[in-house]
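Each remark here refers to the structure printed beneath this line.
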Amino acid sequence: MSERQPLQSPIGTHDVMADQSPLWEGVVAHFAQFAYRFGFSMIHTPMFEDVRVFHRGIGEKSDVASKEMYVFEDRGGRSYALRPEGTAPIVRAFVQHQPTVPFRAWYVTPAFRYERPQAGRYRQHHQLGVEVLGTDDPAVDVEVISLAWRFYQALGLTQVRLLINSMGHVECRERFVDVLREELHEHRQQLCDDHRQSYAENPLRVLDCKRPSCIAVTDDGPSLPDFLCAPCADHFARVRTGLSAIGIESVLTPRLVRGFDYYTRTTFEFVADALGSAQNAIGGGGRYDQLAEELGGKPTSGIGFGSGIERILLARAAEGVDQPLINRDIDIFVVDTTGHDVATVLVDQLRGAGWATLRAYDNRSMKSQMKLADKSGAKVALLVGPQEEAAGEITIRELRSADFEQSQRVVLREEILATLRQTLGK
RNA sequence: GUGGGUGUAGCUCAGCUGGUUAGAGCGCCAGGUUGUGGUCCUGGAGGCCGCGGGUUCGAGACCCGUCACUCACCCCA
C-alpha cells in the first residue's frame with residue numbers, strides 16, 4: 001500500500017460511530033438482560049487462542065478452520081488464531097478451569113474470518129451468545145433456543161424462523177454419512193462443479209449447497225432424522241415438544257448441518273426472512289457433546305447458541321423496526337455566557353445528581369450555545385449570563401416546548417436541583 | 001480466491017460528445033442592533049476530482065495499472 005493512501009479501517013471491518021452505537025449498546029443490553037434472567041454469568045476469554053483449539057474444535061476440514069482463520073505466530077514461535085467463533089474458546093476455558101456443572105456462560109465478542117466482505121459478511125463481526133455445559137437434558141436445549149427466540153422478539157423482530165434438525169450422536173452421524181457418501185458417489189455426475197470433486201471429503205457440506213443440481217441429488221437421498229438411534233430420536237422429540245409447549249414453532253429442516261464439525265444432536269438456525277441476501281442467518285447453534293473431550297477434558301455434553309450483532313441490526317432495518325433499544329438522550333444543556341466557571345461548577349453538580357449533562361466551550365455566543373443545546377437533544381437548557389450570576393439565579397428553558405413564554409422561568413440557584421427533579425420527573 | 005458495479009467537499013450526489021478560477025443540497029461556522037434554539041434570510045470556511053502512469057495544445061471526464069468501497073459466487077454471524 002502506498003504511503004499516500006489515507007489510513008482507514010482494515011478491509012471488512014467497520015467503525016461503529018455515534019449514530020449507530022446506541023443500537024449496538026441496545027442489542028447488547030437486551031441480551032445481557034435476557035442472559036441474566038436465564039441465570040447465565042458473563043465470561044471473557046482471550047481474543048486469540050492456540051490454533052489447536054479451533055482445529056480440534058470446529059474441525060480442520062471445515063471452511064472456517066481451513067481457509068478463513070487469521071493465524072499468526074508470536075515472537076516465541078507459538079501459533080495462534082484470532083477467534084473465528086465463540087464456542088470453542090469457552091469450552092477450552094471450561095476444560096481448563098473445571099467449574100462446577102451445569103456451567104452457564106454468556107459472552108459478547110468480536111469474531112474474525114478472512115473472507116471477501118459482502119452484505120452481512122465481514123472480516124470482523126460481533127457475536128453474542130450463551131453456552132451450557134454439563135447436561136444433555138433436552139430441557140436445556142429448549143431453554144437455550146427460547147432465550148434466543150425471546151431475545152429476537154424483544155428487539156422487535158417478527159420475521160424470524162427457527163430451523164431445527166438433529167445430527168444424532170457420533171454413531172448416528174457416521175451411519176448417515178456412510179449412506180450419504182454412497183448416494184453422492186452414485187450420483188456424482190449430477191453434483192455441481194465444486195462438489196463433484198469434493199463430496200467425499202465432507203459429504204455433509206453437500207447438504208447445504210444451494211445449487212439446484214446438488215439439491216436435486218440430496219433431496220432424493222437419505223434424511224438425517226431417519227438415522228437417529230432411539231435415545232437420539234427421543235431427545236430430539238422432547239426438544240421439539242418442549243419448544244411447542246412454550247409456543248415456539250420450529251421448522252424441521254433435515255438438510256440443516258451447519259459449518260462446524262463439533263455439532264451432535266440438536267442443531268438450529270434462526271433465519272431472518274426480511275434479509276433478501278444469502279446471508280440471512282442471524283444466529284444459530286446446537287449441541288456439542290464431544291467437544292469438551294476433543295479439547296482434552298472429561299466427556300461433557302454441552303449446547304450453545306451465537307448470534308451476529310451486525311445481522312441482527314440488518315434484519316431490524318430490513319423489517320423497518322425503528323424503535324430505539326436504549327435511551328442515551330441528554331437531559332440538560334448548560335448555557336453559560338458569564339465568562340467565569342459557572343458552567344463548570346453547575347455541570348459538575350448536575351452530573352453528580354445523575355443528570356446527563358452537556359455544555360458548550362470556547363466562549364460561544366448565547367445564540368450559538370442555544371443552537372448546540374437544541375441539537376444535543378437536551379430536554380432543558382439552563383441559562384446563566386451576567387444577570388443571573390449577579391442575582392444568584394438560573395433561567396430554565398424547556399427546549400421541547402413550542403411556546404416561548406410558557407417554556408421559560410427563573411429560579412434561585414439553590415433551588416435548581418429540586419426544580420429539575422420536578423420538571424424532568426426523576 | 002473468481003466475477004460485476006463504483007470512487008468528485010464532512011454526508012448524498014451533479015459535472016453534457018475532454019475546453020477558462022470544479023458545482024448543488026444537507027451539515028459546519030459567523031451574522032440578521034439591545035443576552036435565547038427549532039423556521040427563514042445573508043455571508044463564509046471546506047476539494048492533490050482515490051493513487052500512479054499514459055494519450056492530448058488541454059483530462060474530473062479517454063486508456064492502462066493500482067488501491068479501496070460495494071454487490072454476487074463459495075460459506076457463514
Side-chain angles (χ1 to χ4, degrees), chain A residues 1-14 17 19 58 62-68 84-87 108-129 148 192-195 198 202 205-206 208-211 214 257-260 269-272 275-285 305-315 333 335-339 360 362 364-378 380-389 395-405 407-408:
Chain A
M1 193 180 295
S2 161
E3 272 305 310
R4 303 177 68 140
Q5 284 293 332
L7 295 172
Q8 56 180 323
S9 53
I11 296 172
T13 69
H14 297 275
M17 301 300 281
D19 57 336
I58 64 187
S62 70
D63 280 16
V64 169
S66 63
K67 60 183 187 187
E68 293 174 2
E85 59 102 42
T87 299
V108 50
T109 179
F112 304 89
R113 293 181 201 171
Y114 192 86
E115 307 178 87
R116 289 289 291 269
Q118 70 183 269
R121 208 184 65 187
Y122 311 103
R123 289 189 175 177
Q124 176 179 342
H125 73 280
H126 300 80
Q127 289 191 20
L128 24 76
C192 75
D193 294 345
D194 290 342
H195 289 120
S198 67
N202 194 344
R205 291 269 62 79
V206 183
D208 54 22
C209 180
K210 293 179 186 72
R211 296 180 204 279
C214 280
V257 289
R258 301 189 50 76
F260 303 138
E269 195 164 288
F270 295 94
V271 295
L275 293 174
S277 69
Q279 285 75 239
N280 64 350
I282 59 173
F305 124 87
S307 193
I309 295 178
E310 287 84 354
R311 291 214 184 150
I312 288 171
L313 292 176
L314 286 171
F333 195 100
V335 173
D336 172 9
T337 57
T338 64
D362 304 318
R364 295 227 207 184
S365 67
M366 175 161 284
K367 175 174 180 154
S368 170
Q369 292 192 45
M370 284 303 295
K371 284 190 177 184
L372 294 177
D374 184 51
K375 273 180 295 201
S376 76
V380 305
L382 300 188
L383 286 70
V384 184
Q387 286 175 27
E388 286 88 347
E389 189 184 26
T395 298
I396 300 182
R397 183 161 171 73
E398 293 186 40
L399 294 169
R400 303 306 143 202
S401 162
D403 184 342
F404 184 98
E405 295 305 322
S407 68
Q408 189 160 310

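Order of the sequence lines sets the chain letters (A, B, ...), proteins ahead of strands, with each chain counted from 1.
For H125(A), whose side chain is taken as the heavy atoms from C-beta onward, the closest listed nucleotide among C73(B), U36(B), A77(B) is A77(B). Nearest to the side-chain atoms of Q279(A) among the listed nucleotides A72(B), U36(B), A77(B) stands A72(B). Proximity note for Q127(A) (side chain, C-beta onward) versus G38(B), G1(B), A77(B): the nearest is A77(B). For L399(A), taking side-chain heavy atoms from C-beta onward, the closest of the listed nucleotides C76(B), G37(B), A77(B) is G37(B). In this structure, of A77(B), U36(B), A68(B), it is U36(B) that holds the atom nearest to the side chain of L383(A).
Using a 4.0 Å heavy-atom distance criterion, F333(A) is classed as making no nucleic acid contact. A119(A) comes within contact range of the sugar-phosphate backbone alone, with a heavy-atom separation under 4.0 Å but no base atom that close. As judged by a 4.0 angstrom heavy-atom cut-off over every strand, F260(A) is placed among residues touching the sugar-phosphate backbone only. Residue R113(A) is in base contact, counting any heavy-atom pair closer than 4.0 Å across all strands shown. Within 4.0 Å of Q387(A), counting heavy atoms only, lies at least one base atom of the nucleic acid. When heavy atoms are screened at a 4.0 angstrom cut-off, A373(A) is found touching no nucleic acid atom at all.
For the P atoms, the distance from C13(B) to G18(B) is 25 Å, rounded to whole Å. Going from the C1' atom of G43(B) to that of G50(B) covers 32 Å, rounded to whole Å. Spacing between C73(B) and G15(B) at atom P, rounded to whole Å, works out to 31 Å. Across the C1' atoms, G25(B) and A9(B) are found 12 Å apart, a figure rounded to whole Å. Taking the C1' atom of each, G31(B) and G23(B) are spaced 25 Å apart, rounded to whole Å. Here the separation of G58(B) from G53(B), taken at their P atoms, is 16 Å to the nearest Å. C62(B) and G7(B) are spaced 10 Å apart, taking the P atom of each and rounding to whole Å. G65(B) and G3(B) have their P atoms separated by 12 Å, with the value rounded to a whole Å.
Rounded to the nearest 0.5 Å, atoms CG (D336(A)) and CZ (R364(A)) are 14.0 Å apart.
Between the NE2 atom of H14(A) and the P atom of A77(B) there is a distance of 18 Å, given to the nearest Å. Atom CG in D63(A) sits about 11 Å away from atom P in A77(B), given to the nearest Å. Atom-to-atom, NZ of K67(A) to C1' of U2(B) comes out at 12 Å; the value is rounded to the nearest Å. Rounded to whole Å, the distance from CZ on F270(A) to C1' on C76(B) is 16 Å. Rounded to whole Å, atom C1' of C28(B) lies 9 Å from atom CZ of R364(A). Between I11(A) atom CD1 and G7(B) atom P the separation is 19 Å, expressed in whole Å. One atom, CG of D374(A), and another, P of G37(B), lie 10 Å apart when rounded to the nearest Å. The distance from atom NZ of K371(A) to atom P of G27(B) is 10 Å, rounded to the nearest whole Å.
Counting distance only, with no hydrogens placed and no angle test, the side-chain atoms of Q408(A) and the base atoms of U36(B) include a donor-acceptor pair under 3.5 Å. Not a single donor-acceptor pair, N or O on each side, falls under 3.5 Å between the base of C76(B) and the side chain of E68(A). Scanning atom types as modelled, no donor and acceptor separated by under 3.5 angstrom connect the side chain of K375(A) and the base of G27(B). Between the side chain of E269(A) and the base of A77(B) there is no donor-acceptor pair of N/O atoms closer than 3.5 Å. Side-chain N/O atoms of R311(A) and base N/O atoms of C76(B) include a donor-acceptor pair closer than 3.5 Å. Contact annotation: side chain of E388(A) to base of G35(B), donor-acceptor pair present below 3.5 Å.
Toward the 5′ end of RNA chain B lies the nearest nucleotide of V384(A), the other residue of the pair G259(A) and V384(A) mapping further downstream. Heavy-atom distances to RNA chain B give each of G12(A) and H126(A) a nearest nucleotide, and the one nearer the 5′ end belongs to G12(A).
Base pairing of G3(B): its partner is C71(B), meeting the Watson-Crick or G-U wobble criterion (both donor-acceptor distances under 3.5 Å). Both distances falling under 3.5 Å, in either a Watson-Crick or a G-U wobble arrangement, occur for no nucleotide opposite G35(B). Across all strands shown, A77(B) forms no Watson-Crick or G-U wobble pair with both distances under 3.5 Å. For G65(B), the paired base is C51(B) (Watson-Crick or G-U wobble, both distances below 3.5 Å). Using the Watson-Crick or G-U wobble rule with both distances under 3.5 Å, G44(B) pairs with C28(B). Using the Watson-Crick or G-U wobble rule with both distances under 3.5 Å, C16(B) pairs with nothing in any strand shown.
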Q: Begin with the C-alpha distance, continue with both residues' side-chain angles, and end with the deciding distance and a verdict on side chain to side chain donor-acceptor pair (under 3.5 Å) for E388(A) and T395(A).
A: CA-CA 7 Å; E388(A) 286 88 347; T395(A) 298; 2.6 Å; yes
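The shortest distance between the side-chain N/O atoms of R116(A) and the OP1/OP2 oxygens of A68(B) is not below 4.0 Å. Between S368(A) and the phosphate of A30(B), there is a side-chain N or O to OP1/OP2 separation shorter than 4.0 Å. Proximity of Q118(A) to the phosphate of A72(B): a side-chain N or O atom is located under 4.0 Å from OP1 or OP2. For the OP1/OP2 pair of U36(B) and a distance below 4.0 Å, the side-chain nitrogens and oxygens of Q369(A) include no atom meeting the criterion. Applying the 4.0 Å criterion to OP1 and OP2 of G38(B), one finds that R400(A) has every side-chain N and O outside that range.
Side-chain contact between V257(A) and R205(A) is present, with heavy atoms from C-beta onward closer than 4.5 Å. Under the 4.5 Å side-chain criterion, counting only non-hydrogen atoms from C-beta, T337(A) is in contact with P386(A).
The residues D374(A) and R400(A) are annotated as salt-bridged, a charged nitrogen and a carboxylate oxygen being separated by less than 4.0 angstrom.
Of the possible donor and acceptor atoms, one in the side chain of R311(A) sits under 3.5 Å from a partner among the backbone N and O of G120(A). S401(A) contributes no side-chain N or O that, together with a main-chain N or O of E398(A), makes up a donor-acceptor pair within less than 3.5 Å.
A pairwise comparison of heavy atoms in V108(A) and I309(A) identifies CG2-CD1, 4.1 Å as the closest pair.
Remark: of the listed residues H14(A), H125(A), H126(A), H126(A) is the sole one forming a side-chain hydrogen bond (donor to acceptor under 3.5 Å, both in side chains) with E310(A).
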